[in-house]
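Below: the structure, in structure tokens.
We count ligands from 1, going down the list as the structure has it; atoms in each ligand are counted the same way. Quick caveat, the model's predicted, so the values are computed rather than measured. All residue numbers in this chain count up from 1 along the given sequence.
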Amino acid sequence: MNALDIAPRLITLEGGEGAGKSTVLSALAQALRAPGYEVVTTREPGGTPLAERIRELLLHPDNADAPTADTELLLMFASRAQHVASVVRPALARGAWVLSDRFTDASHAYQGGGRGVDRTTIAMLESRFVGLQPGLTLLLDVPVAVGRARAQGRASSNSVQPDRIEAEADGFFERVRSAYRDLAAAQPRRFRMIDASQPAERVAADAVAALDDYLQGLPQG
Ligand code: Z5A
């Protein structure tokens, strides 16, 4: 299996439902743009027109022919392969920073931890179709009940139904959270864990402080 190339300018945000990734992504983008860096903000599943269509297939709430765990995994990686080839790699190649709302760690947490897909299969797909690892990953950690209550609050104020994955039971999200925390513990140089149960401004401030700390540790140039 090929080793993953570490991309110092690729920063990813991870966490459970309602962790507040969207708010933090804007704060990080602003912090990086202030000194004049080019920043590309993107997300997974999605990030290109084709990958966004795969996202719709993945999240559609119609469970009559719901994807199996293997189909879900392969669709996540199909979306990611397209995203990496058409957005992430070209941006990194021209020297831009890429901020992605979720990346491969989400497959380790949701399909690995949540669905029980074996980690060797996920690692093989990551090596073959991604080949890249972020330099920094911020894990927004929040108790499942808190994150779900936020997501439900937003859904009811926008009158939208939960998508297929949001409709999973609490036990699924507890396994996802635990898998994320295990990933962070296993790779302490790449991961910074942020307490996302705090008020949104505090979470954003902690995330920007973690970014500053990361930038200080990078070689100049
Ligand atoms: N998925 C997967 O299974 N495998 C993969 O490989 C990948 C993804 C890449 C879609 O992802 C689904 O795909 C997701 C994982 C799976 N399934 N689930 N669940 P997504 O990232 O698009 O979906 P999401 O995690 O459901 O997004 P989200 O709930 O929108 O999370 P968020 O971006 O972290 O939250 P937010 O939009 O910033 O905030 C949610 C609400 O909470 C909103 O009303 C905010 O105003 C409020 N909020 C945010 N922060 C706070 C604080 N600190 N206090 C109070 N209220 C807050």
Does ligand 1 have an atom under 4.0 Å from some heavy atom of Q198? yes

Would a distance-only check, ignoring hydrogens and angles, find a side-chain to backbone donor-acceptor pair under 3.5 Å from S157 to G153? yes

Quick one: nearest non-hydrogen protein atom to atom 1 (N) of ligand 1, plus distance? M76 CE, 3.5 Å

Give the numbers and elements of all ligand 1 atoms closer than 4.0 Å to a heavy atom of T23. 38 (O)

Would you say L218 has more than 12 foreign heavy atoms packed within less than 6.0 Å of its CG? yes

Considering non-hydrogen atoms of the protein only, which is the closest contact for atom 17 (N) of ligand 1, and what is the distance? I165 CG2, 3.4 Å

So among R192, E201, Q198, which one has a side chain to side chain contact (heavy atoms under 4.5 Å, CB included) with D206? Q198

Which distance, rounded to the nearest 0.5 Å, do you find between the CZ of R115 and the CG of D70? 11.5 Å

Near P45, which atoms of ligand 1 are under 4.0 Å from a heavy atom of that residue? 7 (C), 8 (C), 9 (C), 13 (O)

Crowded around D65 CG? As in, over 12 foreign heavy atoms under 6.0 Å? no

Within a reach of under 6.0 Å around CD of E38, are more than 12 heavy atoms found that belong to other residues, nucleotides or ligands? yes

Going by an N to O cut-off under 4.0 Å, is there a salt bridge joining R119 and D182? no

P199 heavy atoms within 4.0 Å reach ligand 1 at atoms 53 (N)

Note: heavy atom closest to atom 27 (O) of ligand 1, options K21, R148, E166, E201, belongs to K21

Return yes if a side-chain donor-acceptor contact under 3.5 Å exists between S100 and T12, otherwise no. no

Is any NZ, NE, NH1 or NH2 atom of the basic residue among R164 and E72 found under 4.0 Å from an Asp or Glu carboxylate oxygen of the other? yes

For atom 7 (C) of ligand 1, what's the nearest protein heavy atom and its distance? A106 CB, 3.4 Å

Counting only non-hydrogen atoms of the protein, does one fall under 4.0 Å from atom 55 (C) of ligand 1? yes

Would you call R43-E52 a salt bridge at under 4.0 Å N-O? yes

When you measure from atom 30 (O) of ligand 1 to every protein heavy atom, which one gives the shortest distance, and what is it? R154 NH1, 2.7 Å

Pick from Q111, R102, H108: the one approaching atom 23 (O) of ligand 1 most closely through a non-hydrogen atom: R102

Flag side-chain contact, heavy atom, 4.5 Å: L99 against L32: yes

Please lay out, stage by stage, how E17 and R154 fare under the test salt bridge (charged side-chain N to carboxylate O under 4.0 Å, His left out). CA-CA 11 Å; E17 217 195 339; R154 180 188 50 188; 5.7 Å; no

Tell me whether ligand 1 is touched by R80 - counting only heavy atoms on the residue side and a distance under 4.0 Å. yes

Judged by heavy atoms only, the candidate from A167, S157, A151, G18 nearest atom 29 (O) of ligand 1 is G18

Counting each atom of ligand 1 from 1 as listed, which ones have a heavy atom of S107 under 4.0 Å away? 5 (C), 6 (O)

Tell me the nearest of R55, R115, R43 to atom 22 (O) of ligand 1, using heavy-atom distances. R55

Looking at atom 35 (O) of ligand 1, what's its closest protein heavy atom, distance included? G20 N, 3.3 Å

Among all the protein's non-hydrogen atoms, which is closest to atom 33 (O) of ligand 1, and how far away is it? S22 OG, 2.9 Å

Would you mind reporting whether L138 and L28 have side-chain heavy atoms less than 4.5 Å apart? yes

With the threshold set at under 4.0 angstrom, would you say F173 reaches ligand 1 through any of its heavy atoms? yes

Considering the heavy atoms of E44, write down every atom of ligand 1 situated less than 4.0 Å from one of them. 9 (C)

Nearest-neighbour protein heavy atom for atom 12 (C) of ligand 1, which is reported as residue plus atom name and distance: L59 CD2, 3.9 Å

List the closest protein heavy-atom neighbour of atom 47 (C) of ligand 1: residue, atom name, distance to the nearest 0.1 Å. R150 CD, 4.2 Å

